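Okay, structure first, notes after.
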Amino acid sequence: WDTYRASHPLFTYTEPERANDMIKGFLKFYEQNGALPLWNLYGWETNMMIGYHAVPVIVDAYLKGIGDFNAEKALEACIATANRDDYRGIGDYKKLGYVPAYSDPKKWENWSLSKTLEYAYDDYCIAKMAEKMGKKEIADEFFKRSQNYHNVYNPATSFMQPRDEKGNFAANFSPDDYTEDICESNGWQYFWSVPQDLDGLIGLVGSKERFAEKLDSMFTYVPKSDEELPIFSTGMIGQYAHGNEPSHHVTYLYPYAGEQWKTAEKVRYIQDVFYTDQPEGIIGNEDCGQMSAWHIMSALGFYQVNPSNGVFVFGSPLFDKASVHLPEGKTFEVVAQNNSKENVYIQSVLLNGKPYNNSYILYDDIVKGGNLTFVMGSTPNKEFGAAPENRPKTAE
C-alpha cells in the first residue's frame with residue numbers, strides 16, 4: 001500500500017536484480033495462496049491494507065524489461081488477485097463500478113472510497129501488461145475497470161465521494177473530514193489518487209487552470225488551529241500530509257497543468273524542512289522505506305508519479321551533483337548548476353549536452369546512462385514545461 005509508490009520504482013534502476021527476485025517471491029506466494037501478497041509480515045498475510053499493489057510492482061518491472069520471471073504466470077496471478085469476488089468489496093466493485101459504502105451496517109465495507117480508487121489504479125496496470133503481451137480482450141476489460149474512478153466523482157462538490165449501493169453520494173460530506181470511508185486520509189488527500197489518468201482527472205475538474213487552482217487550495221487550506229488531526233496526518237502543508245503515503249505524488253502534479261515551478265517550490269521545501277539529521281528527522285512513519293525513497297528520488301530531481309509507466313516528473317534537485325550507478329557499469333549523472341537554498345527553480349535542462357524542454361524524463365533515458373543537467377535560479381521560469389507537448393502524459 002505504500003512501497004509500490006516509490007520504493008519499488010527506485011529499485012528498478014538501483015537494484016533491478018533484487019526487484020526480479022522479489023517478484024519471483026510474489027509468484028511463489030501466489031502459487032501457495034491463490035493470490036498475490038498484500039501486506040505480509042514474516043511470511044503471513046495480515047490483509048492489513050488495501051488494493052492489490054503487488055500488481056504495479058510486477059507490471060512496472062515488466063514494462064521496463066526487468067527480470068526473467070514468468071510473464072504469463074505473473075499476469076495470471078494479477079488477474080486472479082483482482083477477481084476475488086468475495087474479498088474486500090471486489091465483487092461489488094466489478095458489478096457496480098465502485099465499492100459501495102452500504103447503508104446497511106451489516107454489509108458496510110470500510111475504506112470504500114479508497115478501495116475504489118486503488119483498485120482502479122491496479123486494474124490500469126493489469127491492462128498495460130496485457131496490452132504489451134498482445135492480450136487485447138484482457139487489456140480492454142481492465143482499461144475499462146481503470147476508469148471506475150469516474151463513478152465516485154461528484155461534480156456537485158468536485159471531490160471523490162463515497163456512494164451507497166443505490167448510487168447515492170454520502171450525505172453531509174466534507175473533504176476535510178477523516179472518516180472510515182477513506183483510508184488514513186480525507187477527501188482532499190484522496191482526490192488525486194488517479195495516477196493512471198491525470199489527464200482524465202483534469203477533464204473532470206474542467207481545465208488545467210481549474211486543476212492547478214485546486215492544487216493551490218490543497219496546499220493553502222490550513223486546518224484550524226484547534227483541529228485535532230489523526231496520528232497519521234503529519235508533515236502538513238495545508239491539507240497535504242507528507243507523513244502518509246497517499247499524498248506523496250501530489251506535489252508532482254503541477255507539471256501536468258504546465259506549472260512545473262510550483263512543484264519545484266514545494267518539493268524543495270519538503271526536502272529542507274521534513275527531512276533532517278535529527279532523531280525525529282523523518283516527518284512520518286518510514287513504512288518499509290517509502291518515506292526515504294520519496295526523498296532519494298526527489299533529491300535526484302524527479303519522481304515517478306505513476307508507479308508503473310516509467311515517467312519521472314521533475315521537481316527540484318537537492319544536490320549539486322549526484323550519480324546513479326546502473327547495471328553493466330553505466331552511470332547516470334545529475335548536475336544542478338547554480339544550485340542553492342534560494343535557487344530552487346529550474347531555468348533550463350540539458351540531457352547529454354542538448355537542450356531538453358520536457359518537464360519529465362523517461363526511465364529508458366535514465367538506464368542508458370548519461371548526464372542530466374539542471375540550471376537553477378531563484379525566480380520561476382514559468383515557461384519551462386508549460387507547453388502541452390512538454391508536459392507529462394498519463395493515459396498513454
Side-chain angles (χ1 to χ4, degrees), residues 3-24 56-69 71 128-129 132 249 252 255 260 263-264 267-268 271 289-290 292-339 343 346-376 384-385 389-394 396:
T3 56
Y4 84 95
R5 303 170 193 269
S7 292
H8 286 285
L10 179 63
F11 295 151
T12 63
Y13 60 84
T14 60
E15 299 184 85
E17 69 287 345
R18 293 188 69 188
N20 184 38
D21 287 345
M22 290 175 192
I23 292 168
K24 289 180 177 178
V57 177
I58 292 169
V59 174
D60 187 37
Y62 177 72
L63 295 178
K64 290 173 177 174
I66 291 172
D68 60 355
F69 59 88
K128 292 299 289 185
M129 186 171 186
K132 186 169 182 178
H249 67 298
Y252 282 90
Q260 192 282 330
T263 284
V267 166
R268 183 67 75 91
Q271 293 179 98
Q290 170 60 27
S292 291
W294 186 98
H295 187 42
I296 291 168
M297 280 196 184
S298 296
L300 289 170
F302 42 74
Y303 187 82
Q304 189 170 326
V305 169
N306 177 341
S308 65
N309 74 346
V311 176
F312 293 80
V313 179
F314 289 156
S316 179
L318 187 59
F319 300 112
D320 295 345
K321 182 179 178 181
S323 296
V324 180
H325 300 290
L326 302 163
E328 302 176 2
K330 296 177 183 177
T331 299
F332 186 72
E333 185 179 75
V334 181
V335 174
Q337 295 179 356
N338 305 323
N339 197 27
N343 292 358
I346 297 172
Q347 306 299 301
S348 61
V349 177
L350 298 172
L351 179 60
N352 298 322
K354 298 179 180 178
Y356 187 81
N357 297 319
N358 295 337
S359 59
Y360 63 91
I361 188 170
L362 301 177
Y363 173 81
D364 291 344
D365 292 323
I366 295 173
V367 294
K368 289 175 186 173
N371 176 278
L372 180 68
T373 297
F374 295 99
V375 180
M376 309 300 293
F384 176 72
E389 64 270 20
N390 299 136
R391 300 172 202 159
K393 304 291 189 297
T394 58
E396 298 173 346

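Since the model is a prediction, treat every value here as computed from it, not as a measurement. Every heavy atom of this structure was used, including side-chain atoms; hydrogens, water molecules and symmetry mates were not.
- To the nearest 0.5 angstrom, Ser316 atom OG is 8.0 Å from Gln260 atom CD.
- One distance of note links OG1 of Thr331 with CG of Leu326; it measures 6.5 Å at 0.5 Å rounding.
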For this session: Take His249 and Asn306, measure what side-chain contact (heavy atoms from CB on, under 4.5 Å) needs, and give me the verdict at the end.
Result: CA-CA 8 Å; His249 67 298; Asn306 177 341; over 6 Å; no
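- Of all the heavy atoms in Thr12 and Tyr363, the pair that sits closest is O-OH, 2.9 Å.
- Distance check: Glu333 CD to His325 NE2 gives 10.0 Å after rounding to the nearest 0.5 Å.
- Minimum heavy-atom separation, Tyr356 to Asp365: OH-OD2, 4.4 Å.
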Problem set entry | Pair Asn371-Asn352, side chain to side chain donor-acceptor pair (under 3.5 Å): steps then yes or no | CA-CA 5 Å; Asn371 176 278; Asn352 298 322; over 6 Å; no
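- Taking the six-membered ring for Trp and the full ring otherwise, the centers of Tyr13 and Phe332 sit at least 6.0 Å from each other.
- Around atom NZ of Lys132, more than 12 heavy atoms belonging to other residues, nucleotides or ligands sit under 6.0 Å away.
- When all heavy atoms of Pro9 and Gln304 are compared, the pair lying nearest together is CB-OE1, 3.6 Å.
- Closest heavy-atom contact between Ala61 and Ile23: CB-CD1, 3.4 Å.
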Show me, pair by pair, the donor-acceptor contacts under 3.5 angstrom made by side chains of residues 294-303, not counting sequence neighbours?
from: Trp294; atom 1: NE1; to: His248; atom 2: O; distance (Å): 2.9
from: Ser298; atom 1: OG; to: Tyr252; atom 2: OH; distance (Å): 2.7
from: Ser298; atom 1: OG; to: Trp294; atom 2: O; distance (Å): 2.8

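- Of the possible polar contacts, one joining the Lys393 side chain to the Arg391 backbone as a donor-acceptor pair under 3.5 Å is found.
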Exercise. Which is it for Val311 and Val305 under the side-chain contact (heavy atoms from CB on, under 4.5 Å) test, yes or no, and what are the steps along the way?
Worked result: CA-CA 7 Å; Val311 176; Val305 169; over 6 Å; no
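- Considering every non-hydrogen atom in both Ser308 and Leu63, the closest pair reads O-CD1, 3.3 Å.
- Here the CG atom belonging to Asn309 is positioned 10.5 Å from the OH atom belonging to Tyr360, to the nearest 0.5 angstrom.
- Here the CG atom belonging to Asn343 is positioned 14.5 Å from the CZ atom belonging to Phe374, to the nearest 0.5 angstrom.
- Of the possible polar contacts, one joining the Asn339 side chain to the Leu318 backbone as a donor-acceptor pair under 3.5 Å is found.
- Between the side chains of Gln347 and Asn338, not a single donor N or O lies within less than 3.5 Å of an accepting N or O.
- Distance alone, capped at 3.5 Å, is enough to place a donor-acceptor pair between the Asn20 side chain and the Asp68 backbone.
- Rounding to the nearest 0.5 Å places CE of Met22 at 13.0 Å from CD1 of Ile58.
- At distances below 3.5 Å, at least one donor-acceptor pair connects side-chain atoms of Ser7 with backbone N or O atoms of Gln290.
- Nearest approach of Ala336 to Met376, heavy atoms of both residues: CB-CG, 4.2 Å.
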Problem set entry | Pair Asp60-His8, side-chain contact (heavy atoms from CB on, under 4.5 Å): steps then yes or no | CA-CA 9 Å; Asp60 187 37; His8 286 285; 5.8 Å; no
For this session: Kindly indicate, with the supporting measurements, whether the criterion side-chain contact (heavy atoms from CB on, under 4.5 Å) is fulfilled by Ser359 and Asn390.
Result: CA-CA 6 Å; Ser359 59; Asn390 299 136; 5.6 Å; no
